[in-house]
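Source: prediction; values computed, not measured. Order of the sequence lines fixes the chain letters, A, B, ..., with proteins taken first and strands second; residue numbering starts at 1 for each chain. Hydrogens, waters and symmetry mates are skipped; everything else that's a heavy atom, side chains included, is used.
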Amino acid sequence: MKIATWNVNSIRARLDNVVTWLKETSPDVACLQEIKTVEDTFPRQALEDLGYNVAIHGQKSYNGVAMLSKKPFEDVCAILPGDDSDEQARFLQATISTDDGALTIASIYAPNGNPVESEKYPYKLDWMKRLHAHAQEMLKLEECFVIAGDYNVIPHDDDVHNPESWREDALFRPETLEHYHRLLNLGLTDAYRACKQAAHQYTFWDYQAGAWPKDHGIRIDHHLLSPQAADRLKSAGIDRFTRGWQKASDHVPIWIELDI
DNA sequence: ATGTCGATACTTTATCGA
């Protein structure tokens, strides 16, 4: 089973690219982030026409996540526990039944957190704490569980062109990495790193300052796997080619294959 | 040194977020 995740930076602006990519790469599940629209204006039909079931946690203008699956969703939850007052659409979790049992997948859009001296940074860290608590609960089930999406975290110096220029950024500062390490320390596996050891493999290049032609990117989109999912991990890859397309998202898809 | 893109609104340019 191939599970991809892609921050599309507006599903309505990106629909042609998303449809082309789905036809070319045919993931079984696609987690989408920054759809930037509500369910009423999400282009559901175009994706259903490609054979996908569609689950949406939308928001006007900002944020918003969705999931596409060739298999039907058994259960869908759009709430990350821990803050009833949080109105930002950044989480969607669904369960799919497979021949090998239940598989639960979350599509996440973690907060960016910049600027760090604003209220956005504590919100980012609190959101990561909530994700940690949720992952801890899910791990008790001892099932296949994948948290895929835009973590807005650069895990390591090898995941950025110039680490020093990012050191104080909300995506890379030590306090952010501490929170990310707490997730890994639960026993979750960074699927891409488990498969590929090459440095400087990126999933995001800023639109500004010639970041793409200079390959000044960062790796911030990840799949974290429960031990049961990690046992089934076969391969991983990054669909870099979509960044060169017309009307490209600033992120590209990243995918894994599980032997399920 | 500079460089972008998408959504929104009392819109056709400014503002916000990334």
Side-chain angles (χ1 to χ4, degrees), chain A residues 5-21 31-44 46-47 56-66 86-92 107-128 131 148-155 159-173 175-177 179-180 202-222 238-254:
Chain A
T5 181
W6 190 7
N7 179 323
V8 293
N9 186 14
S10 169
I11 186 62
R12 289 189 288 175
R14 216 67 61 209
L15 183 60
D16 288 351
N17 286 15
V18 170
V19 166
T20 301
W21 168 72
C31 299
L32 306 178
Q33 297 86 35
E34 278 207 90
I35 62 172
K36 290 187 169 179
T37 196
V38 293
E39 184 155 356
D40 283 350
T41 45
F42 186 98
R44 173 188 288 270
L47 302 172
I56 300 160
H57 183 192
Q59 183 178 335
K60 187 178 178 181
S61 306
Y62 306 117
N63 310 318
V65 290
D86 186 3
E87 292 179 348
Q88 300 190 29
R90 297 180 174 278
F91 181 87
L92 181 70
S107 174
I108 68 154
Y109 175 48
N112 176 292
N114 284 305
V116 292
E117 56 286 347
S118 74
E119 74 289 344
K120 290 176 182 178
Y121 192 59
Y123 174 72
K124 175 191 183 87
L125 297 183
D126 186 62
W127 202 93
M128 293 179 78
L131 186 64
D150 180 358
Y151 281 71
N152 268 313
V153 172
I154 302 165
D159 299 313
V160 52
H161 169 258
N162 180 359
E164 295 323 314
S165 70
W166 285 84
R167 199 70 74 190
E168 298 305 317
D169 192 276
L171 280 60
F172 197 41
R173 65 200 314 260
E175 199 175 356
T176 301
L177 296 191
H179 282 71
Y180 182 72
Y202 307 130
T203 64
F204 169 94
W205 297 258
D206 200 290
Y207 288 122
Q208 298 187 70
W212 168 243
K214 293 176 183 169
D215 198 26
H216 291 181
I218 50 179
R219 188 174 72 95
I220 57 174
D221 300 271
H222 312 296
I238 297 172
D239 288 341
R240 245 182 96 94
F241 56 89
T242 65
R243 190 62 177 80
W245 287 353
Q246 289 294 307
K247 276 184 73 74
S249 172
D250 40 7
H251 295 249
V252 298
I254 178 169

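With C1' as the reference atom, B:dT15 and B:dC10 are 15 Å apart, rounded to whole Å. Remark: the separation of the C1' atoms in B:dT8 and B:dT12 is 13 Å, to the nearest Å.
Of the candidate nucleotides B:dG3, B:dA18, B:dT4, B:dA18 has the atom nearest to the side chain of A:Arg90. Side-chain proximity of A:Lys36 to the nucleotides B:dA18, B:dT4, B:dA7 is greatest for B:dA7. Out of B:dG6, B:dG3, B:dG17, the shortest distance to the side chain of A:Lys214 is found at B:dG3.
For the residue pair A:Lys36 / A:Asn9, a side-chain donor-acceptor distance below 3.5 Å is found, with atom types taken as modelled.
A:Tyr109 comes within 4.0 angstrom of the backbone, heavy atoms only, and of no base.
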Given ring-ring contact (aromatic ring centres under 6.0 Å, His included), test A:Trp6 with A:Trp21 step by step and report yes or no.
-> CA-CA 11 Å; A:Trp6 190 7; A:Trp21 168 72; 5.0 Å; yes
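Put simply, A:Arg14 has a side-chain N or O that comes within less than 4.0 Å of OP1 or OP2 on B:dG6. Put simply, A:Arg12 has a side-chain N or O that comes within less than 4.0 Å of OP1 or OP2 on B:dT8. At least one side-chain nitrogen or oxygen of A:Lys60 sits closer than 4.0 Å to the OP1 or OP2 atom of B:dA9.
A:Arg173 forms a cation-pi arrangement with A:Tyr121, by the criterion of a distance under 6.0 Å to the ring centre and an angle within 45° of the ring axis.
Between A:Tyr207 atom OH and B:dA7 atom C1' there is a gap of 13 Å when expressed in whole angstrom units. Look at CG on A:Leu15: it is 14 Å from P on B:dG6, rounded to the nearest Å.
Take the nearest nucleotide of DNA chain B for A:Glu34 and for A:Gly210: the residue whose nucleotide is more 5' is A:Gly210. When the nearest nucleotides of DNA chain B are assigned to A:Asp150 and A:Asn9 by heavy-atom distance, the more 5′-ward of the two goes with A:Asn9.
Between A:His222 and A:Tyr180, the ring-plane angle classifies as tilted under the 30° and 60° cut-offs.
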